Amino acid sequence: DALNYYEKSLAVNPAFVWTYYNLAVIHFRAGDYDKVLELSSRFIGLAPEYTFRIIASSKVYTDILGGGPGLDFSEEIKKTYSDFFRMLVISQYRLTKFSELVSTARYAIGSGFGPVEVFGFYASLASGSDDDRGKAEAFFQNAPGEEKSIYSGQDIFPRFF
């Protein structure tokens with residue numbers, strides 16, 4: 001159901017950062033990596049400032065956020081972009097789009113998104129051999145829970161604003 005509602009939301013407002021992000025999370029968790037790549041081309045071109053204006057001018061958001069502690073939207077946007085780029089890099093890896101992956105990882109690191117180790121790890125795999133990738137798969141299978149989830153993207157969840 002959420003997928004349909006997010007699709008409808010895009011039809012109404014195709015410039016809200018978190019709609020693209022949450023759609024990407026749904027597709028990423030379903031293993032539909034091509035769809036994550038498709039959404040990324042539109043997500044990357046968005047101006048986060050527009051999303052801030054939507055939130056600031058919305059009575060719904062004003063009512064929800066008015067009585068509670070203020071959110072640092074610039075920090076939330078950075079986390080959103082970091083997680084989106086992590087989904088993108090992992091999706092590119094799963095689809096064996098290695099040259100694109102290296103460019104994406106470099107861009108993410110240069111833009112201050114993290115965790116830097118994850119982007120560096122995937123860029124190294126993309127530049128490596130099939131044997132290196134086999135070792136990475138073994139790492140994913142045997143890594144401790146938290147570390148495994150950061151590198152696999154399983155710690156990424158929808159954000160609601």
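Since we're looking at a predicted model, the values are computed, not measured.
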Does Ile90 share a hydrophobic cluster with Leu95, counting links as ILVMFWY side-chain heavy atoms below 4.5 Å and allowing steps through other members? yes
Is the closest basic N to carboxylate O distance between Glu75 and Lys78 below 4.0 Å? no
Sequence neighbours excluded, the answer for side chain to side chain donor-acceptor pair (under 3.5 Å) partners of Thr104 is Gln92
Between Leu23 and Phe43, is the side-chain contact (heavy atoms from CB on, under 4.5 Å) condition met? List the steps. CA-CA 11 Å; Leu23 270 170; Phe43 176 87; over 6 Å; no
Pairing residues for Val102 by the side-chain contact (heavy atoms from CB on, under 4.5 Å) criterion, not counting sequence neighbours: Arg106, Ala126, Ser127
Are the side chains of Trp18 and Ile77 in touch, meaning some heavy atoms are under 4.5 Å apart? yes
Given the side-chain rings of Phe84 and Phe113, with only the six-membered ring counted for Trp, is the space between their centroids under 6.0 Å? no
For Pro115 and Ile150, the nearest pair of non-hydrogen atoms, with its separation, is CG-CG2, 3.9 Å
Short N-O contact, Asp83 and Lys79, less than 4.0 angstrom: no
In terms of ring plane angle, is the pair Tyr107 and Phe85 parallel, tilted or perpendicular, where the classes change at 30° and 60°? tilted
Could you tell me if the side chain of Tyr21 sits less than 4.5 Å from the side chain of Ile156, heavy atoms only? yes
Transitive ILVMFWY side-chain link Val116 to Met87, under 4.5 Å: yes
A cation-pi test, strictly: NZ or CZ of Arg86 under 6.0 Å from the centre of the six-membered ring of Tyr122 and no more than 45 degrees from its axis. Yes or no? no
The reported gap from CD1 in Ile109 to OG in Ser111 (rounded to nearest 0.5 angstrom) is 10.0 Å
Could you grab the distance from atom CG of Leu3 to atom NE2 of His27, nearest 0.5 Å is fine? 4.5 Å
Ignoring hydrogens and geometry, is there a side-chain-to-backbone donor-acceptor pair from Asp132 to Ser129 under 3.5 Å? yes
Return the minimal non-hydrogen interatomic distance between Gly153 and Phe28, and the atom names on each side. O-CE2, 3.7 Å
Verify, without hydrogens or angle tests, whether Tyr81 (side chain) and Ile44 (backbone) share a donor-acceptor contact under 3.5 angstrom. no
Nearest non-hydrogen partners of Leu88 and Ser40, listed with the distance: CD1-OG, 3.6 Å
Between Thr80 (side chain only) and Glu76 (backbone N and O only), is there a donor and an acceptor less than 3.5 Å apart? yes
